[in-house]
There are 2 protein chains.
Amino acid sequence: MKDNAKISSAVIKRLPRYRRYLSDLQKKNVDRISSNELSNLIGYTASQIRQDLNNFGGFGQQGYGYNIQSLYNEISSILGLDKDYKMVIVGTGNLGQAIANYTHYYKSGFMVSAMFDVNPKLIGLRINDIEVLDYERLEEFMQDNSVDIGIVCTNKDSAQEVVDKLCAGGVRGIWNFAPTDLQLPEGVALENVHLSDSLHSLAYYINRNSQMKDQD
Amino acid sequence: MKDNAKISSAVIKRLPRYRRYLSDLQKKNVDRISSNELSNLIGYTASQIRQDLNNFGGFGQQGYGYNIQSLYNEISSILGLDKDYKMVIVGTGNLGQAIANYTHYYKSGFMVSAMFDVNPKLIGLRINDIEVLDYERLEEFMQDNSVDIGIVCTNKDSAQEVVDKLCAGGVRGIWNFAPTDLQLPEGVALENVHLSDSLHSLAYYINRNSQMKDQD
DNA sequence: TAGATTGTTAATCGATTAACAATC
DNA sequence: TAGATTGTTAATCGATTAACAATC
């Protein structure tokens, strides 16, 4: 694998999508695919597909294309999906519970070790067999357990404080669902899921489409 | 407002974020801000901020900057947040419930009219005072009610069929949480929230950071 | 008016696409 | 070997940044 320190985030964002399509193809027992055929399925140009993959290595073979199984494995490995991640969820409202449930059932390498909340009504509950602990105990928990990913499902006002605690406790990445932008120390990865922003840009396109219709 | 038919999605994606920062400033009773000050807060260059805003109109004033209240209103209007949207949620698992709850409490212009599921255990329940109806009744419901946005919280295998029904029923936009890519008719907007893809790119950056640490 | 800051044009940078020699 | 298709370089396109005249 080539040096991947400076690969653009546009490329990285496409990798999970490649992987999804390859997974579907695997299930259909397809053995190989050319960048051209993949282009027709996935909607990126064949040229972009080859460029993207060649950031990480020459996974194809001239005259043949790409072996689906092996490309799937390569991409999984590039993304780090051949490793396991221990996660904690802070904020155990509906969204936190949904995430817990979702990762529990669908994401084999990502395990939720514990959930935390300040709400006494939630503390002590078990969600998908994961205990909800008092947020007061987060620091202690992180001293005793290695945690890779902190999932933030609090409101926006608590999010930064929570993140500071998670980072102090040694997480390597934050998956943030709170509708705010966070400050992280160097070396901790951040991925935002800003549902509100997402819904707002949907609203924009809904209206743009309607305006275009009016002009016809 | 200028012709906005060809504004890049990179610009549109930044608008909700501008709006969030402007909202915070409003709460702090700040009246005006220059592109330079806003740049320091939000992290985009002052030049980009001025370029972005000038896609839609000259909202600033030389020597003064931007009036926060009025810029907030302009952006809200560009995004279509001065309008109301009726939504239905299909798939009433944890995630569907979380979205219902979330929009119910936090998103004033976005109202969930009904939720649909195929699971008899869920049909008839009320979630945040919204009734869960039999999915069989979706078509009928959409004939009797105008629905702007369809929220898809099903598994990936059902998602396309659900979307087809929603589009036939006249929705103007789809907010998709199913981990798959969807085919929509012309004129229907689509916004994906691919949680799985998001988690996978987080994994990439976690490992990249670790490798960089190893090299030190 | 003088100073500040926008709106906008021009320059740069980066990402995507096209082309084709290398090679399986 | 001939045909197919990659890997990679070069060309193009689009988005970001810089610069500055316009103007409040």
Side-chain angles (χ1 to χ4, degrees), chain A residues 1-18 21-22 25 30-75 78 201 204, chain B residues 1-18 21-22 25 30-75 78 201 204:
Chain A
M1 198 186 296
K2 297 180 187 174
D3 175 30
N4 60 359
K6 51 198 170 323
I7 289 166
S8 86
S9 69
V11 174
I12 303 308
K13 284 251 143 54
R14 286 192 288 269
L15 294 180
R17 186 163 154 157
Y18 287 123
Y21 280 85
L22 292 167
L25 288 163
V30 185
D31 278 346
R32 66 187 179 106
I33 194 161
S34 68
S35 55
N36 232 302
E37 293 167 311
L38 189 53
S39 169
N40 292 334
L41 281 179
I42 204 170
Y44 306 142
T45 63
S47 193
Q48 177 161 70
I49 292 170
R50 295 201 300 277
Q51 285 277 24
D52 281 353
L53 298 176
N54 274 91
N55 281 303
F56 304 99
F59 302 138
Q61 198 168 78
Q62 284 96 330
Y64 172 88
Y66 298 87
N67 178 282
I68 284 164
Q69 168 94 53
S70 107
L71 185 56
Y72 176 85
N73 290 339
E74 291 285 1
I75 291 178
I78 291 162
S201 52
Y204 172 84
Chain B
M1 198 187 295
K2 298 180 188 175
D3 175 29
N4 60 359
K6 52 199 169 323
I7 289 166
S8 87
S9 70
V11 174
I12 303 308
K13 284 250 144 52
R14 287 193 288 269
L15 294 179
R17 186 163 154 157
Y18 287 124
Y21 280 85
L22 291 167
L25 288 163
V30 185
D31 278 346
R32 65 187 181 104
I33 195 162
S34 69
S35 56
N36 231 303
E37 293 167 310
L38 189 53
S39 169
N40 291 335
L41 281 179
I42 204 169
Y44 306 142
T45 62
S47 193
Q48 178 161 69
I49 291 170
R50 295 201 300 278
Q51 286 276 25
D52 280 354
L53 298 176
N54 274 91
N55 281 303
F56 303 99
F59 302 138
Q61 198 167 79
Q62 284 96 332
Y64 172 88
Y66 298 86
N67 177 283
I68 284 163
Q69 168 94 52
S70 108
L71 185 57
Y72 177 85
N73 290 339
E74 291 284 2
I75 292 178
I78 291 162
S201 52
Y204 172 84

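This is a predicted model, so every value here is computed, not measured.
Nucleotides of DNA chain C nearest to B:S34 and B:Q51 differ in position, and the one nearer the 5' end is that of B:S34.
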Q.
Let's go through A:I49 and A:N36 carefully: what are the C-alpha distance in whole Å and the side-chain angles of both, what is the deciding distance for side chain to side chain contact (heavy atoms under 4.5 Å, CB included) to 0.1 Å, and is it a yes or a no?
A. CA-CA 9 Å; A:I49 292 170; A:N36 232 302; over 6 Å; no
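By the 4.5 Å heavy-atom criterion applied to side chains, A:F56 and A:I7 are counted as neighbours. Between A:S70 and A:F59, every side-chain heavy-atom pair lies at or beyond the 4.5 Å cut-off.
At the phosphate of C:dT17, OP1 or OP2 sits under 4.0 Å from a side-chain N or O atom of A:T45. Contact annotation: A:Y66 side-chain N/O to D:dA4 OP1/OP2 distance is not under 4.0 Å.
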Q) In the 5'-to-3' direction, what one-character label does each nucleotide of nucleotides 19-24 of chain D receive under the scheme B = base within less than 4.0 Å of a protein heavy atom, S = sugar-phosphate only, - = no such atom? A) BB-BBB
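Applying the salt bridge (charged side-chain N to carboxylate O under 4.0 Å, His left out) definition to pairs two or more places apart or across chains, none involves residues 56-70 of chain B. The salt bridge (charged side-chain N to carboxylate O under 4.0 Å, His left out) pairs that include a residue from residues 53-69 of chain B number zero, where partners must be two or more places apart or lie in different chains. Sorted by first and then second residue, the salt bridge (charged side-chain N to carboxylate O under 4.0 Å, His left out) pairs involving residues 31-41 of chain A (not counting sequence neighbours) form an empty list. Listed by first then second residue, pairs satisfying salt bridge (charged side-chain N to carboxylate O under 4.0 Å, His left out) with a partner in residues 52-73 of chain A read A:R14-A:D52, not counting sequence neighbours.
Residue B:R32 is classed as having no contact, given no heavy-atom separation below 4.0 Å to the nucleic acid.
With rounding to whole Å, B:N36 atom CG is found 12 Å from D:dA18 atom P. To the nearest angstrom, C1' of D:dT17 lies 12 Å from CG of B:D52. Between A:L53 atom CG and D:dT8 atom P the separation is 12 Å, expressed in whole Å. Taking atom CZ on B:F59 and atom P on C:dT8, their separation rounds to 12 Å, with Å as the unit. If you take CG of B:N67 and C1' of C:dT6, they are 15 Å apart, rounded to a whole angstrom. Here the P atom of nucleotide C:dT6 and the CG atom of B:L71 are 11 Å apart, to the nearest Å. Atoms CD1 (A:I12) and C1' (C:dT16) sit 16 Å apart, rounded to a whole Å. Rounded to whole angstrom, the span from the CD atom of B:E37 across to the P atom of C:dT6 amounts to 9 Å.
Remark: of the listed residues A:N40, A:L71, A:L41, A:L41 is the sole one forming a side chain to side chain contact (heavy atoms under 4.5 Å, CB included) with A:I33.
Nearest nucleotide to the side chain of A:S8, out of C:dG7, C:dA15, D:dT17: C:dA15.
B:P16 and B:I12 get closest at one heavy-atom pair: CD-O, 3.1 Å.
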Q | Secondary structure of DNA chain C in dot-bracket form (Watson-Crick or G-U wobble, distances below 3.5 Å, | marking inter-strand pairs) | A | ..||||||||||||||||||||||
